[in-house]
Structure formats: C-alpha cells, structure tokens
Amino acid sequence: MIGETIRAFTDPGADAGFVPYSGLHLVTVLVSMVAVAAVALLGRALPAKKAAANLRRTIAIFAIGYFVAYNVWWNWGGIDVASGLPLQICDLNEVVAPLALWTGNRWARATLYFWGFALTLQAFIQPLLTAGPASPVFWAFWISHTIVMICAVYDVAVLGFRPDWQDFGRAAAVSALYLAVIVPVDLRLGANYGFVGNPPPSWRIPPFVAFLGAWPNRVFILVALVALGFVIVLAPWQFLRRFGRYREPRPSRTE
C-alpha cells in the first residue's frame with residue numbers, strides 16, 4: 001500500500017485514480033492536517049500583536065486569491081452552469097473563511113465554524129473525488145478544502161473563537177437561507193448544488209447522499225443530519241462551559 005501511494009505521487013504516468021480510504025487518501029489527509037496544525041502553531045507562537053494580525057490577513061488574502069484563481073481555471077473553457085458554479089457549501093465557505101478572518105464578523109465566524117467542522121470536514125472523511133495526483137483536479141480539491149480548515153482552526157486556536165447557541169442560530173439561519181436559494185436553483189438548472197437537487201439518473205451522487213433515499217425525501221433527512229452535525233460540533237464547548245473549568249477568552253486579536 002505504501003509503495004502504491006508513493007508511486008501515485010511521484011509517477012505522473014501512473015494510472016492512479018483516487019480511491020477513498022486507500023493509502024493515498026490517508027497520506028493526503030495527514031499532509032493536510034499537518035499544514036492546518038503548522039499554521040495554527042505559527043499563529044500562536046507569534047509574540048507581537050501586529051505580526052499575528054499580518055499573518056491572519058495574509059491567510060485571508062491567500063484564501064480569496066486561491067478561490068478566484070481556482071474558479072477562473074475551472075471554468076476557463078466555458079461555464080457549465082449545472083456543475084461549474086461555485087455554489088457548493090465548501091465553495092461558499094472558501095469565501096466565508098477569509099471574510100471571517102479579515103473582519104472578525106461574528107456571523108461569518110459562526111458560519112465558518114459550523115460549516116467548516118460539520119460539513120467541510122466531511123470532504124476529508126468521504127471525498128467525492130476520482131482523480132489521482134497526476135491530475136490538477138486532485139490538488140485543487142485538497143488545497144481548497146485545506147485552506148478552509150486552516151482558517152477554521154486558526155479562528156479557534158489563535159483568535160479564540162468559541163461558539164455558543166447564538167452562533168448555532170446564526171449558522172442555522174445562513175444555512176436555511178442557502179437552502180431556500182439553492183433548491184430552486186438546482187431544480188431550474190437540473191443541478192445538485194448542496195446535494196439537495198434532483199439531477200438526472202446518469203449523474204454521480206455521493207454514496208452517503210444516495211443512501212438517504214430518493215429525492216425529495218433525502219433532502220429532509222440531509223437537513224436533519226446537518227442540524228445534528230451542528231449540535232455535535234457545538235457540544236464540546238457547551239460541556240466545558242457547564243462542567244469544566246472554563247472561562248470565555250478575551251476578545252480575539254482581530255485589529
């Protein structure tokens with residue numbers, strides 16, 4: 001397995017597509033998590049407030065720059081409105097993430113936290129990807145999701161964001177707005193943005209979505225699972241507030 005993983009990374013001619021839960025998957029996730037941890041540790045190690053602010057803004061600028069470059073590249077030959085628009089949750093989170101770091105806006109930070117840890121993180125666990133390292137799609141997929149998690153972890157570990165029930169409500173409200181907009185868009189375009197559409201039978205649907213049953217019933221199940229995911233990622237902080245020796249951190253360094 002290790003040999004196949006090394007060959008997939010080093011041999012551009014290798015016929016090595018991406019297989020979930022393979023050695024390649026494991027190595028890629030580990031590398032992504034190391035990058036996330038390294039940026040957070042760097043942020044915490046900076047002694048000067050100005051240096052920390054500069055790093056935060058650098059991350060935000062890089063994130064939005066990558067988002068623009070990626071979408072220009074992806075649609076260079078023409079936009080496929082049914083699949084090429086940046087309307088998936090993870091796509092929008094690539095915009096929310098730098099906005100949260102740059103402005104410190106509580107709505108943006110709440111959305112980044114809940115979308116990041118409950119939804120974007122799922123891309124690392126069950127990625128909808130078939131291209132291997134020989135394809136730029138492989139690198140684009142993992143870099144984009146890693147950038148979002150860098151921002152989300154940085155906001156918690158360095159800037160001191162601690163979600164509460166009000167933040168849960170903010171993220172839920174943004175998610176409800178997204179759902180209200182994206183379902184009609186999906187139906188109009190025959191698309192599957194947010195995985196809540198009813199695409200043609202020939203379309204590839206993520207296994208975990210297909211497992212939920214036929215449309216539209218699976219949409220209601222998916223919404224319930226997302227709400228449960230939000231509760232799960234909020235639960236540790238609520239537990240610490242109630243039972244642990246926990247004090248709310250001082251306002252984060254977002255100046």
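Below, all heavy atoms of this structure are taken into account, side chains as well, without hydrogens, waters or symmetry copies.
A donor-acceptor pair under 3.5 Å is absent between the side-chain atoms of Arg57 and the main chain of Trp102, judged by distance alone. Of the possible donor and acceptor atoms, one in the side chain of Tyr178 sits under 3.5 Å from a partner among the backbone N and O of Gly194.
Proximity of Val174 to Trp107: side-chain heavy atoms (C-beta onward) are separated by under 4.5 Å at one or more points. Looking at heavy atoms from C-beta onward, Phe141 lies out of side-chain contact with Leu128 at the 4.5 angstrom threshold. Looking at Asp167 and Phe114, their side chains come closer than 4.5 Å, going by heavy atoms from C-beta outward. In this structure the side chain of Pro216 never reaches within 4.5 angstrom of the side chain of Asn198, judged on heavy atoms.
With Val183 as the fixed residue, the side-chain contact (heavy atoms from CB on, under 4.5 Å) test singles out one of Val181, Val185, Asp186, Leu187: Leu187. Under the side-chain contact (heavy atoms from CB on, under 4.5 Å) test applied with Tyr113, the options Val233, Val96, Asp155 reduce to a single match, Val233.
Of the N and O atoms on the side chains of Trp115 and Ser175, at least one donor lies less than 3.5 Å from an acceptor on the other residue.
Within a 6.0 Å sphere centred on CH2 of Trp215, other residues, nucleotides and ligands contribute more than 12 heavy atoms. Within 6.0 Å of CZ in Arg188 there are 12 or fewer heavy atoms belonging to other residues, nucleotides or ligands. By the 6.0 Å contact criterion, CZ on Phe208 is enclosed, its count of non-hydrogen atoms from other residues, nucleotides or ligands being greater than 12.
Here the shortest heavy-atom pairing between Ile147 and Phe62 reads CD1-CE2, 3.6 Å.
Classified by interplanar angle (parallel below 30°, tilted 30° to 60°, perpendicular above 60°), the ring pair His145/Phe124 is perpendicular.
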